[in-house]
Structure formats: structure tokens, C-alpha cells
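Computation of the quantities below employed the complete heavy-atom set of this structure, encompassing side-chain atoms and omitting hydrogens, waters and symmetry-equivalent molecules. What you see is a predicted model, and the numbers here were worked out from it, not measured in a lab.
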Amino acid sequence: MEHRTLGQGLAVSAQGLGCMGMSEFYGVGDDDESIATIHLALDRGVNFLDTADMYGPFTNERLVGRAIARRRDEVVLATKFGNQRAEDGSFLGVNGRPEYVRQCCEDSLARLGVDVIDLYYQHRVDRTVPVEETWGAMGSLVEAGKVRHLGISEASVATIERAHAVHPVTALQSEYSLWTRDPEDGVLDACRRLGIGFVAYSPLGRGFLTGESGNREGTGEGDFRKRHPRFSGEAYEENLKLVANLETIALEKGSTIAQLALAWVLSRGDDVVPIPGTKRRKWLEENIAASDLVLSDAECAALEAAVPRAAVVGDRYHAAGMTTINA
């Protein structure tokens with residue numbers, strides 16, 4: 001597995017592993033299989049693991065902590081704070097207050113069983129708290145040796161610039177895939193201007209861009225995609241036509257649809273690192289193989305023509321979720 005460099009010289013595997021679905025949102029999990037998937041990822045050189053305190057809630061950090069307990073020195077560990085949840089799973093809103101930042105970090109360190117977090121993200125921007133105050137608290141965590149690098153997720157260009165003025169931003173994590181091209185509207189350019197790496201979550205469109213939506217990661221009662229407009233009703237049927245377009249290209253290329261979608265994200269630049277999520281070794285192996293798939297400019301253009309931005313139907317989050325992005 002090749003490596004790529006985010007901001008501030010942080011080197012990570014060219015492809016990471018999103019761990020969220022191992023504990024929540026994509027149906028029932030299997031902790032033993034999830035831990036085996038993390039171990040296989042490390043064996044194959046995927047060293048960039050992504051979690052957050054809200055996943056579970058709180059259980060995903062514990063799971064990741066168990067998986068890396070004897071392999072900490074092999075891991076670039078990223079986690080997040082900001083989406084506040086109660087123990088019963090209810091959402092309490094976005095919280096960027098300085099005292100909350102500090103407590104969240106202490107709690108994440110304890111759950112992960114580590115002394116330091118490699119990359120600590122503000123998961124969502126609290127519109128009621130100046131980002132300078134939040135990032136002042138985050139910077140103090142670096143000074144205290146509890147965190148090595150800082151990141152921010154789903155932030156606007158203006159917010160990224162303000163945060164970066166307080167403490168260097170190592171990475172912006174936002175959704176980016178063939179069917180979510182929003183970062184191309186100025187955010188990617190801003191990251192490059194400021195020397196910030198870009199981490200692409202949901203590079204497979206939450207499983208939709210695998211051609212196996214509905215069964216690749218499971219769509220049980222706990223599957224949150226059922227609330228997303230793109231996965232509902234007529235929008236779902238229209239979006240399936242785009243997947244069919246990709247299937248034709250995949251057959252010609254001799255790859256899977258998922259590998260094409262990941263290879264496209266990887267082709268966006270050496271400062272872009274996708275973190276496809278999976279909880280099964282089978283899909284991890286398929287995702288890793290995408291790193292060997294080289295796309296020509298013509299092939300990238302064909303993929304973009306197969307999934308035109310204007311043809312994607314539905315927002316990427318439900319109404320409440322849409323209010324928390326681009327803040």
C-alpha cells in the first residue's frame with residue numbers, strides 16, 4: 001500500500017479504513033469479524049483508521065481500541081468530537097464549546113486505550129460557538145501532548161480558513177465520491193492553497209456505488225440509509241440508473257463498480273485519501289485492490305459522464321443532517 005501525505009507532513013496509507021459501520025448505522029455488526037477486518041487492514045498496509053465518539057455511541061472507539069491494543073505503533077489513529085449524543089443514543093446537537101472539547105478528548109483516549117490521538121477532528125462545526133474558541137481548545141490538546149494533528153469535517157472555506165489561522169489544519173474530512181462532488185466547488189482548492197490534506201469519507205456513496213446497495217453491508221432495521229433521500233422512492237430508482245452506467249464501464253475495465261469508484265477518488269490527487277468503510281474482510285480485500293487500478297484521463301472523464309452531478313437525485317442527508325454541513 002502506497003502512502004500519501006496530508007497537511008503538516010502526516011503520512012498515511014493511500015487508502016484508509018472507516019470503522020463506523022462496525023458498530024452502528026449499517027445494520028447488525030459482528031465484533032469478531034470487525035476486529036479481524038482491522039487486523040487484515042493493518043497486515044495489508046492500511047494503517048489509517050477512522051472512528052468517532054458518536055459511533056455506537058461510544059462503542060466504536062472501544063472496538064477499535066481492542067483491535068489495536070497490541071499494534072498501536074502500526075496505526076495512524078483518527079477520531080472525532082462534536083456530534084453530541086447521550087448514552088441512550090439520542091442526538092443532543094452539535095457542541096463546540098471548549099470545555100466539551102477537552103472532556104471529549106479525555107473520554108476518547110480512555111475508550112481507545114491510547115496515550116495520544118494522531119488526528120483529532122471537529123466532526124461538525126457548532127454554529128453557536130466561534131470556531132476560534134473551539135480550535136483554541138483543540139490547540140491546547142496538541143500542546144498537552146494528547147493530540148498530534150487537528151482536522152475538521154464538512155466545513156466551509158471561510159470556517160477552514162478561520163480554524164487554520166488559530167492552529168494548522170492537517171486534514172479536512174468531507175464526503176466525496178462520483179455522486180457527491182461538492183468539494184469541487186471551492187473546498188478542494190482552498191485545502192490545496194492552505195496545504196491541508198483531504199480525507200474523503202463515503203467514497204462508495206454509502207455502498208450505493210458498489211452495485212450491491214442493500215446487501216453489501218446490510219440494510220436491516222438499524223440501517224440509517226433508509227432516512228436518506230437518495231435511498232428513497234423515486235430518487236432511489238433514478239440513481240440506480242447511474243449505477244447501471246458504471247456497471248458497463250466496469251465490465252470493460254475488468255473491475256468491480258466499487259473499485260472503479262474508489263480508483264476515481266484516488267485519481268483526484270496525491271493529497272486525497274479515501275476512507276471506505278467496511279466491517280467484512282471480503283469487501284476490504286476488494287477495496288484494497290482498487291489502489292492498483294490506474295485510470296486514464298479519458299476513463300475518469302467517462303466515469304464522470306456516467307454519473308453526472310446534475311443527474312443525482314436527492315440530498316445526501318435528511319433535512320436535519322443537511323443543516324450541519326458546510327458550516
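- When side chains are defined from C-beta on, Y55 counts as touching K80, because their heavy atoms get closer than 4.5 Å.
- With a 4.5 Å cut-off on side-chain heavy atoms, C19 and L63 do not count as touching.
- No salt bridge links R62 with D31; every basic N to acidic carboxylate O contact stays at or beyond 4.0 Å.
- Ring pair H167/W135 is tilted by interplanar angle, where 30° to 60° counts as tilted.
- Salt bridge E33/K279: absent, no basic N to carboxylate O contact under 4.0 Å.
- Between N47 and H3, some side-chain heavy-atom pair lies under the 4.5 Å cut-off.
- Surrounding CD of E99 are more than 12 heavy atoms belonging to other residues, nucleotides or ligands, all under 6.0 Å away.
- A cation-pi contact, defined as under 6.0 Å to the ring centre and within 45° of the axis, links R206 to Y317.
- Counting heavy-atom neighbours within 6.0 Å of R70 CZ, excluding the residue itself, gives a total of 12 or less.
- For D115, the CG atom counts as loosely surrounded, since its 6.0 Å shell holds 12 or fewer non-hydrogen atoms of other residues, nucleotides or ligands.
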Next item on the list: With salt bridge (charged side-chain N to carboxylate O under 4.0 Å, His left out) as the test, would you mind laying out the steps for E286 and R280 before giving the verdict?
Entry: CA-CA 10 Å; E286 180 179 327; R280 296 184 176 90; over 6 Å; no
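- The hydrophobic clustering, which links ILVMFWY residues whose side-chain heavy atoms are closer than 4.5 Å, places V76 and L284 apart.
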Next item on the list: Report the C-alpha separation of E61 and S108 in whole Å, then their side-chain angles, then the decisive distance to 0.1 Å, and conclude whether the side chain to side chain donor-acceptor pair (under 3.5 Å) test is met.
Entry: CA-CA 7 Å; E61 286 184 325; S108 288; 2.8 Å; yes
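- At a threshold of 4.5 Å between non-hydrogen side-chain atoms, the residues V114 and I68 count as touching.
- Under the 4.5 Å side-chain criterion, counting only non-hydrogen atoms from C-beta, L112 is in contact with T51.
- No hydrogens or angles considered: a donor-acceptor pair under 3.5 Å links the side chains of D126 and T128.
- The CZ atom of R281 lies 11.0 Å from the NE2 atom of H39; values are rounded to the nearest 0.5 Å.
- Between Y236 and F231, the ring planes are tilted. Angles from 30° to 60° get that label.
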Check: Would T180 and R230 count as a side chain to side chain donor-acceptor pair (under 3.5 Å) if you check the C-alpha gap in whole Å, the side-chain angles of each, and the deciding distance to 0.1 Å?
Finding: CA-CA 11 Å; T180 298; R230 291 184 180 181; 3.0 Å; yes
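- Q173 contributes atom CD, which lies 4.5 Å from atom CG of D50 (distance to the nearest 0.5 angstrom).
- At a threshold of 4.5 Å between side-chain heavy atoms, the hydrophobic network of Ile, Leu, Val, Met, Phe, Trp and Tyr places V265 and L178 in one connected group.
- Taking the side chain as every heavy atom from C-beta outward, Q103 and F81 never approach each other to under 4.5 Å.
- In this structure the side chain of F48 reaches within 4.5 angstrom of the side chain of V199, judged on heavy atoms.
- Between H123 and T324 the shortest side-chain heavy-atom distance does not fall below 4.5 Å.
- Clustering ILVMFWY residues whenever any of their side-chain heavy atoms sit less than 4.5 angstrom apart, transitively, puts Y176 in the very cluster that holds L295.
- Cluster membership for Y201 and V12, using ILVMFWY side-chain heavy atoms within less than 4.5 angstrom, is shared.
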